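Working notes for the structure below.
Every chain is numbered from 1, with letters handed out A, B, ... down the list of sequences. What you are looking at is a predicted structure, and each value in this text was computed from that prediction instead of being measured. Heavy-atom basis, side chains included; hydrogens, waters and symmetry copies ignored.
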Amino acid sequence: MTDSARTPPAPAPAIRPGGIAARAMGARPAAAYLEGLNPEQRHAVETLDGPVLVLAGAGTGKTRALTTRIAHILATGKAHPSQILAVTFTNKAAREMKERIAALVGGVAEGMPWLGTFHSIGTKILRRHAELAGLKSGFTILDTDDQIRLLKQVLQAENIDEKRWPARQLAHLIDGWKNRAIGPDKVSAADAGLFANGRGPDLYALYQERLKILNATDFGDLLLEPIRIFRENPDILADYHRRFRYILVDEYQDTNVAQYLWLRLLAQGSHNICCVGDDDQSIYGWRGAEVDNILRFEKDFPGATVIRLERNYRSDGHILASASHLIAHNEGRLGKTLQPQGDIGEKVTVNGAWDSGEEARTIADEIESLQNKGHALNDIAILVRASFQMREFEDRFVTVGLNYRVIGGPRFYERAEIRDALAYFRCVVSPADDLAFERIVNTPKRGLGDASIALCHAIARAQKIPLMAAAHIAVDSGELKPKPRAALKDVLDHFARWSARLDQITHTELAEIILDESGYTEMWKRDRSADAAGRLENLKELVRSMDGFENMAGFLEHVSLVMDTEGGAGSDAVTIMTLHAAKGLEFDTVFLSGWEEGLFPHQRSLDESGRAGLEEERRLAYVGITRARKRAKISFASNRRIHGMWQTSIPSRFLDELPEEHVDVLEAPATFSSSYGRSRFDGLAPFSSSYATPGWQRAQANRAAPQAETFRRGPRVIEGELVAKSTGTSAYPVGTRIFHQKFGYGHVAMVEGNKLTVDFDKAGQKHILDSFVEPA
DNA sequence: GATCCATTTGTTTTT
DNA sequence: CAAATGGATC
């Protein structure tokens with residue numbers, strides 16, 4: 001959240017909350033932190049009593065208002081740090097908020113125990129009252145992966161064909177229900193019918209039962225269980241009412257029903273709830289966010305003060321005007337008009353390309369020329385709708401030798417080796433963690449297959465004990481063959497030894513011993529595949545990252561709630577990421593690629609959510625444009641390979657929704673000048689192969705000096721792909737009479753690989769892929 | 001019980 | 001086109 005990056009934070013006064021200075025200031029706050037706020041921001045900061053909705057457009061200083069408000073509450077002595085509940089969605093946002101409050105107030109922020117994500121605060125509450133939810137306080141938190149594996153077991157036990165009814169799909173449904181705070185008994189008939197002939201709710205209930213047996217929760221429960229506890233125990237709720245004098249919510253437009261209910265329950269106490277958000281930036285509807293929450297705020301919280309932040313300090317005039325004009329096409333918005341504060345700046349540009357390769361090349365060229373003019377690569381970003389688009393840019397940047405970084409993709413804690421290692425740790429800390437145990441009993445391979453595991457499961461179920469305990473019995477009983485029996489005994493002995501040392505040595509040492517003695521490290525050392533070295537490195541990194549924690553249990557809790565790792569800014573590099581990932585960030589120059597019907601707006605959005613889907617896509621476009629401070633450069637490609645098939649598409653309807661007077665169209669949509677049709681091999685023509693290009697050589701040089709820009713994967717080696725593909729011969733030699741769906745009849749004028757230049761009788765000369773024509 | 005091949009299925013992503 | 005999954009085979 002760098003919304004107000006350009007209005008420097010006021011110097012931090014060191015005021016001890018509740019101290020004499022603070023109380024004295026409460027009478028007449030002329031605090032320095034209020035300086036530099038515009039009137040609306042100041043209003044948002046100083047309206048402390050009653051419900052407040054701050055509608056903060058992109059780049060209007062939202063985070064600043066929020067953090068200053070907290071500083072103000074503290075400085076005026078209205079509440080202690082521990083009496084403020086401040087919730088965010090991501091750990092990153094929570095971290096930033098903490099830092100900024102600390103900067104404003106001077107170090108008091110560590111004393112804010114209730115500043116965190118919905119889930120971390122939910123966990124905290126649930127741990128205190130776990131027994132009321134049928135759990136023990138040390139419950140484990142399952143991630144999506146565990147959740148699906150658990151559901152698979154449920155489906156198996158119920159004899160449901162997993163082929164026809166995949167566990168993943170059920171997980172989605174249950175997630176959706178939990179997002180809407182719907183318990184197994186409240187699922188609507190329509191929803192129930194969606195899975196296994198109406199068995200959905202039934203399976204949902206069984207899943208919940210299994211969770212309790214495992215002493216585990218999924219992410220949804222972290223909010224739902226507290227809601228249940230609050231509803232069933234008014235005394236507990238009253239306790240929290242007394243505790244939380246002020247409630248603050250960031251990104252309110254992203255809340256789902258469960259989060260809304262949770263907040264509403266807590267806000268019934270003081271009524272001092274302040275929600276900050278922007279309905280125009282609601283882009284997470286597909287994972288349960290209800291824009292309606294923010295649209296309905298005044299009804300939900302009667303007497304609410306609504307404050308609009310509309311002065312945009314980020315983007316230049318043309319950019320802002322374009323974004324505003326575009327988003328105005330949405331219905332059902334609260335309506336804000338962003339007012340530019342700076343220069344009119346450069347017009348937004350729209351550029352059409354023949355295919356995605358050319359798009360990437362054009363953008364890479366533009367970036368190089370910006371770089372030559374002295375622009376830092378760190379100030380440049382490429383935003384795409386779908387992650388498959390990133391590849392084309394990566395390929396191009398490698399050949400050209402441009403430094404880039406990719407944000408997104410599989411995260412650190414989602415990597416197999418990390419999850420395996422964590423499963424070992426989980427087993428040591430909580431021997432009843434069946435899912436973890438099952439994950440690693442046979443990793444590395446120990447000769448324990450389905451048969452042995454099935455036996456353990458049978459014992460566990462019969463005696464209602466955890467898997468590991470059942471495994472002990474299995475070893476003692478004579479039911480296993482000698483080999484698996486010895487192997488299983490060996491593992492169990494290891495675990496017994498590790499558990500015993502839990503309190504004797506530091507958790508970091510223990511972690512190393514576990515990975516070593518289990519043979520897990522050895523397994524990757526023996527692995528000859530290319531990424532084995534990286535995996536070992538990741539394991540080291542994991543152990544290193546445990547250092548900052550009290551103990552193993554503390555570390556594991558952190559991991560289950562914090563799925564992100566600090567990806568250092570590193571060296572100067574262009575950022576490539578999805579539009580979703582870009583929310584909250586800003587760059588001088590933003591390239592918005594792939595504005596084609598079907599990709600953006602995405603076809604699936606339109607198919608599945610219709611009008612609402614289209615509006616969400618439009619908001620995504622709005623988010624994209626408003627990331628730019630100085631330059632927004634939109635592009636589209638007529639041809640793109642999707643699932644290996646070339647597809648032709650028309651420019652996005654969003655392009656037509658931009659205001660002409662603020663946009664420069666560099667390439668007229670729909671007609672493509674022949675200079676662009678010469679395909680992706682243009683730039684390489686003078687060289688015998690791509691290896692000979694200066695860019696390739698530069699890329700080689702760059703690779704030699706290792707750079708830690710491997711957020712997701714290293715720059716991809718393309719191994720002459722560009723030349724290889726050009727040799728395909730077309731089935732349509734020059735002069736062939738052909739027919740095209742859209743352009744009608746014509747004859748082939750030129751052939752390049754699978755690309756044809758065709759003189760159409762009516763439509764003139766066009767560049768077409770041979771797969772789109774047929775012999776006339 | 002492990003390995004290999006065929007089939008499937010491909011937005012966006014946090015906790 | 002490619003990754004990931006699951007079934008069939010050794």
>> Before you tell me yes or no, could you show the steps for A:Asn639 and A:Thr648 under side-chain hydrogen bond (donor to acceptor under 3.5 Å, both in side chains), namely the whole-Å CA-CA distance, both residues' side-chain angles and the distance that decides it to 0.1 Å?
In response: CA-CA 4 Å; A:Asn639 295 289; A:Thr648 302; 2.7 Å; yes
>> So A:Asp254, base contact, sugar-phosphate only, or nothing? Heavy-atom distance under 4.0 Å.
In response: nothing
> What is the distance from CD1 of A:Ile141 to C1' of B:dT14, rounded to the nearest Å?
Replying inline: 14 Å
>> At 4.0 Å (heavy atoms only), tell me whether A:Ser452 reaches a base, stays on the sugar-phosphate, or touches nothing.
In response: sugar-phosphate
>> Would you call the rings of A:Phe600 and A:Trp595 parallel, tilted or perpendicular, taking 30° and 60° as the class edges?
In response: perpendicular
> Between A:Arg287 (CZ) and B:dT13 (C1'), how many Å, whole number?
Replying inline: 5 Å
>> In this structure, how many angstroms lie between the P atom of B:dT13 and the CG atom of A:Leu585, rounded?
In response: 13 Å
> Please give, in whole Å, the distance from B:dT11 P to A:Glu596 CD?
Replying inline: 16 Å
> Hey, is the side chain of A:Thr144 poking within less than 4.0 Å of OP1 or OP2 on B:dT15, counting only N and O atoms?
Replying inline: no
> Quick one: is B:dT14 close enough that its OP1 or OP2 comes under 4.0 Å of any side-chain N or O from A:Asn91?
Replying inline: no
> Quick one: A:Trp286 CH2 to B:dT15 C1', roughly how many Å, whole number?
Replying inline: 12 Å
> Given atom CD of A:Gln647 and atom C1' of B:dG10, what is their separation to the nearest angstrom?
Replying inline: 12 Å
>> Between B:dT12 and C:dT5, how many Å separate the two P atoms, rounded to a whole number?
In response: 16 Å
>> So that I know where these two stand, are A:Tyr284 and A:His580 an aromatic pair - ring centroids less than 6.0 Å apart?
In response: yes
> Considering the options A:Asp143, A:Ile141, A:Asp146, which one meets the side-chain contact (heavy atoms from CB on, under 4.5 Å) requirement together with A:Ser560?
Replying inline: A:Ile141
> Salt bridge between A:Asp280 and A:Arg619, side-chain N to carboxylate O under 4.0 Å?
Replying inline: no
> Within the structure, does a side-chain N or O atom of A:Asn256 lie under 4.0 Å from either OP1 or OP2 of B:dT14?
Replying inline: no
>> Less than 4.0 angstrom from a charged side-chain N to a carboxylate O is my criterion; do A:Arg385 and A:Glu617 meet it?
In response: yes
>> Under a plain distance cut-off of 3.5 Å, with no hydrogens placed, do A:Asp218 and A:Tyr207 share a side-chain donor-acceptor pair?
In response: yes
> Could you give the NE2-to-P distance, from A:His602 to B:dT11, as a whole number of Å?
Replying inline: 6 Å
> Is A:Glu617 touching bases, backbone alone, or none of the nucleic acid, heavy atoms closer than 4.0 Å?
Replying inline: base
What nitrogen or oxygen pairs link the protein and nucleotides 4-10 of chain C at under 3.5 Å?
none

> In whole angstroms, how far is the C1' atom of B:dT13 from the NE2 atom of A:His580?
Replying inline: 8 Å
> So, is A:Ser120 close to the B:dT15 phosphate, meaning a side-chain N or O under 4.0 Å from OP1 or OP2?
Replying inline: no
